[in-house]
Each structure stands twice: as structure tokens, then as C-alpha cells.
Amino acid sequence: MELSNKQIKRQDFVDNATFEFIKSLIPNDKQIDWDIESIGIVRDAVCKVLVAKQVCTEQEFYPFVKE
């Protein structure tokens, strides 16, 4: 099973939005490089909150292929 184009676009959107969120929290003019590991940590934390609040499912927030 593979992700659809729509699901891939959702993943890209969430990863990009998460990176922009991280950058917006930096208290000075420093720049950070794209780091998918750090993005994933923040993304997973946001996902847990949204799922716990029953805003969406994990799959809706960040589509993935179940193994």
C-alpha cells in the first residue's frame, strides 16, 4: 500500500508548517536548517494533542501507511 498524492501533499504541508512554527519561536535573528528529526518530534507532539482533544485522528493529521 502506498500513500496517495493527496496524502503526500498533506505530509508536506504538515512538515513545512511545523518547520515554520519552530522558526517563529526563535527569539532572535538566528536561522536554523531544515531538520526532519526535530520537525518530527514537534509534529508528533502536536499530533498527540490534537488526537487527545479529538480534533482529528493520527491518520487525518499526518497520513501514513500501516504495516
Side-chain angles (χ1 to χ4, degrees):
M1 184 173 207
E2 294 182 15
L3 294 174
S4 68
N5 285 338
K6 182 178 178 182
Q7 290 172 315
I8 292 168
K9 285 181 183 179
R10 175 66 187 174
Q11 284 186 338
D12 289 344
F13 170 79
V14 172
D15 288 338
N16 287 319
T18 302
F19 183 59
E20 291 302 318
F21 171 66
I22 292 167
K23 290 190 324 183
S24 74
L25 296 174
I26 297 172
N28 53 42
D29 292 335
K30 291 188 179 180
Q31 299 292 316
I32 61 169
D33 293 328
W34 177 270
D35 176 12
I36 196 63
E37 185 176 346
S38 297
I39 291 166
I41 291 167
V42 175
R43 180 190 66 222
D44 291 347
V46 171
C47 182
K48 284 180 185 178
V49 170
L50 295 178
V51 170
K53 297 289 184 181
Q54 299 180 341
V55 173
C56 61
T57 66
E58 287 179 275
Q59 193 65 252
E60 290 170 324
F61 179 74
Y62 196 81
F64 55 92
V65 175
K66 294 181 183 179
E67 295 183 29

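Just so we're clear, the structure is a prediction, and the values are computed from it rather than from any experiment.
Taking 4.5 Å as the limit, some side-chain heavy atom of Gln59 sits within range of a side-chain heavy atom of Lys66. Side-chain contact check for Val46 versus Thr18: every heavy-atom pair is 4.5 Å or farther apart. For the pair Val42 and Phe19, the minimum side-chain heavy-atom distance is 4.5 Å or more. Residues Trp34 and Asn16 meet the side-chain proximity criterion, which asks for heavy atoms closer than 4.5 Å.
Residue-environment remark: CG (Asn5) stays at or below the threshold of 12 foreign heavy atoms within 6.0 Å. For Asp33, the CG atom sits in a loose shell: 12 or fewer heavy atoms of surrounding residues, nucleotides or ligands are nearer than 6.0 Å.
In this structure, CZ on Arg10 lies 13.0 Å from CG on Leu3, to the nearest 0.5 angstrom. Distance check: Lys9 NZ to Gln7 CD gives 12.5 Å after rounding to the nearest 0.5 Å. Taking CD1 of Ile39 as the reference point, atom CD of Glu20 lies at 9.5 Å (rounded to 0.5 Å). Between the CD1 atom in Ile22 and the CD1 atom in Ile32 there is a gap of 5.5 Å [rounded to 0.5 Å].
Without hydrogens or angle criteria, Glu58 side chain to Cys47 main chain gives no donor-acceptor distance under 3.5 Å.
No continuous path of ILVMFWY side-chain contacts below 4.5 Å connects Val14 to Phe64, so the two sit in separate hydrophobic clusters.
Listed here is the closest heavy atom pair of Glu60 and Pro63: O-CD, 4.5 Å.
Cation-pi contact between Arg43 and Phe61: absent, since separation from the ring centre below 6.0 Å together with deviation from the ring axis within 45° is not met.
Side-chain polar atoms of Tyr62 and Asp44 form no donor-acceptor pair below 3.5 angstrom.
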Under the side-chain contact (heavy atoms from CB on, under 4.5 Å) rule, what do Phe13 and Ile8 come out as? Steps first, then yes or no, please. CA-CA 9 Å; Phe13 170 79; Ile8 292 168; over 6 Å; no
